[in-house]
Amino acid sequence: MDCNRCDEEAVMHAAYSGAHLCADHFRESVEKRVRRRVRRDDLVPRDATPENPQTWVIGLSGGKDSVVLTQILHDTFAEDPRIELVGLTIHEGIEGYRDKSVDACVELADDLGIRHELVSYEEEFGVRMDDVVEDDPENMAACAYCGVFRRDLLEKYAENLEADLLLTGHNLDDEAQTALMNFLEGDVEQIAKHFDASLGALSEREEQSEFVPRAKPLRDVPEKEIALYAHVNDLPAHITECPHASEAYRGEIQQLLYELEENHPGTRHSILAGYEDLASIAADEFRGDDGAELRECTECGSTTTREICRKCSLLESLV
């Protein structure tokens with residue numbers, strides 16, 4: 001099949017749009033969507049100048065999503081002195097998995113000439129995920145522990161690096177899954193929080209001075225297209241699933257969305273578009289009504305709604 005835009009052979013077919021694209025036009029399509037999302041979410045403030053540049057910290061895991069995000073943002077802003085990119089990699093302590101992805105992060109950062117920071121659970125918390133999974137004092141999925149620890153380090157080091165934005169590589173599939181999970185759980189307040197945390201345009205969110213704002217510029221691009229982009233650009237992505245991944249409910253939602261998308265192309269886009277609109281309405285309705293008072297954790301000083309933050313309580317259970 002030929003590309004719809006030229007006579008070259010197509011490398012992909014997007015069933016949701018009907019497009020057949022060659023490698024060059026496929027690259028252009030992905031990059032256009034990411035840059036459009038950057039504009040729509042108001043990520044570059046009008047007062048950013050070469051004298052007052054923005055620091056964008058990217059959660060760089062070495063997987064396809066974060067590698068593609070870093071590459072596209074670098075290509076977009078390499079000649080723009082208003083934006084400085086920093087890659088932040090977190091080593092969870094998973095033997096035979098994270099070491100290889102860290103190598104991919106180092107290679108990419110060197111190729112692009114961007115600053116790269118590496119932190120680990122072992123250095124920060126004195127634990128390794130391999131040991132956490134073996135002990136499992138809370139009888140939880142590995143992802144439940146890891147998510148808490150990862151979020152804590154992303155927030156801590158984004159603040160330490162004086163970041164103006166913290167960017168993650170969540171793609172369309174990730175966000176559609178989260179949207180559907182929140183719908184099915186009937187958690188309207190969580191939908192509202194999602195809008196202000198990372199979904200809404202920066203100009204439309206409630207200001208949260210306690211946290212570095214987050215953004216997800218890849219959320220309009222399907223997961224398979226990100227993997228293909230990494231392949232056609234020969235990027236050093238480590239495309240292997242974590243051996244401890246065990247989010248059973250999300251896995252069911254993922255399979256459901258695969259089937260819906262197969263039978264009804266465009267389902268993911270529709271879910272996320274409607275979810276964003278509803279999240280905006282929910283945010284206006286619930287903003288400030290949860291009664292949760294932010295305070296400093298008595299153990300580590302991080303911002304939390306509890307006396308002891310979730311990270312510290314988990315670490316205590318692991319002692």
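Source: prediction; values computed, not measured. Both backbone and side-chain heavy atoms feed into the values below; hydrogens, waters and symmetry mates do not.
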> Can you tell me how far CG of Asp164 sits from CD1 of Ile83, rounded to the nearest 0.5 angstrom?
Replying inline: 8.0 Å

>> Under a 3.5 Å threshold, yes or no: a donor from one side chain and an acceptor from the other, between His91 and Asp99?
In response: yes

> If you look only at pairs with a residue in residues 54-81, which of them pass as a ring pair (Phe, Tyr, Trp, His ring centres under 6.0 Å), with sequence neighbours excluded?
Replying inline: Trp56-Phe77

>> Checking the side chain of Asn233 only, and the main-chain atoms of Tyr229 only, is there a donor and an acceptor separated by less than 3.5 Å?
In response: yes

>> If we count only N and O atoms by modelled type, under 3.5 Å, do the side chains of His116 and Asp110 hold a donor and an acceptor together?
In response: no

>> I'd like to know if the side chain of Thr298 reaches the main chain of Glu307, judged simply by a donor and an acceptor atom lying under 3.5 Å from each other, with no hydrogens or angles considered.
In response: yes

> Is the Tyr16 ring parallel, tilted or perpendicular to the His269 ring (thresholds 30°, 60°)?
Replying inline: tilted

>> Closer than 3.5 angstrom, by distance alone: can the side chain of Asn263 be matched with the main-chain N or O of Glu259 as a donor-acceptor pair?
In response: yes

> Can you tell me if Arg250 and Thr178 form a side-chain donor-acceptor pair at under 3.5 Å?
Replying inline: yes

> Does any N or O in the side chain of Thr305 come within less than 3.5 Å of the main-chain N or O of Leu294, such that one atom is a donor and the other an acceptor?
Replying inline: no

> Are Tyr249 and Leu260 co-members of a hydrophobic cluster defined by side-chain heavy atoms under 4.5 Å apart?
Replying inline: yes

> How about Tyr157 and Glu124: does a side-chain donor come under 3.5 Å of a side-chain acceptor?
Replying inline: yes

> Are side-chain N/O atoms of Asp173 and Gln177 paired as donor and acceptor at under 3.5 Å?
Replying inline: no

> Any donor-acceptor pair under 3.5 Å linking the side chain of Ser29 with the backbone of His25?
Replying inline: no

>> Minimum heavy-atom separation for Cys297 and Ile308, please, with both atom names.
In response: SG-CA, 3.9 Å

> Where does the angle between the aromatic ring planes of Phe125 and Phe149 fall among parallel (under 30°), tilted (30 to 60°) and perpendicular (over 60°)?
Replying inline: tilted

>> Closer than 4.0 angstrom, basic N to acidic O: yes or no for Arg219 and Asp41?
In response: yes

> So, the side chain of Thr303 versus the backbone of Glu296: is there a donor-acceptor pair under 3.5 Å, distance only?
Replying inline: no

> Pick from Thr168, Asn171, Thr70: which one makes a side-chain hydrogen bond (donor to acceptor under 3.5 Å, both in side chains) with Asp65?
Replying inline: Asn171

>> Could you check whether Arg268 pairs with Glu175 (Lys NZ or Arg NE/NH1/NH2 to Asp/Glu carboxylate O, under 4.0 Å)?
In response: no

>> Quick test of your reading: applying salt bridge (charged side-chain N to carboxylate O under 4.0 Å, His left out), list the pairs with at least one residue in residues 134-151, sequence neighbours left out, ordered by first then second residue.
In response: Glu92-Arg150

>> Please report the interatomic distance CD(Glu189) to NE2(His194), rounded to the nearest 0.5 Å.
In response: 15.5 Å

> Is Ser280 reaching over with its side chain to a backbone N or O of Asp277, donor-acceptor style, under 3.5 angstrom?
Replying inline: no

>> The test is ring pair (Phe, Tyr, Trp, His ring centres under 6.0 Å); show your working for His238 and Tyr97 and say whether it passes.
In response: CA-CA 9 Å; His238 182 230; Tyr97 169 72; 5.7 Å; yes

> Between CD of Glu261 and CG of Leu172, what distance do you get to the nearest 0.5 Å?
Replying inline: 7.5 Å

> Quick one: does Asp2's side chain have a donor or acceptor within less than 3.5 Å of a partner on Ala10's backbone?
Replying inline: no

> Thinking salt bridges, do Arg287 and Asp284 make one under a 4.0 Å N-O criterion?
Replying inline: yes

> Is Asp220 salt-bridged to Arg33, going by a charged N under 4.0 Å from an acidic O?
Replying inline: no

> In terms of hydrophobic clusters joined by side-chain contacts under 4.5 Å, are Leu60 and Leu166 together?
Replying inline: no

> Any sub-3.5 Å donor-acceptor pair from Arg205's side-chain atoms to Ala197's backbone N or O?
Replying inline: yes

>> Please tell me whether Val232 and Leu69 are part of a single hydrophobic cluster in this structure, the criterion being side-chain heavy atoms less than 4.5 Å apart.
In response: yes

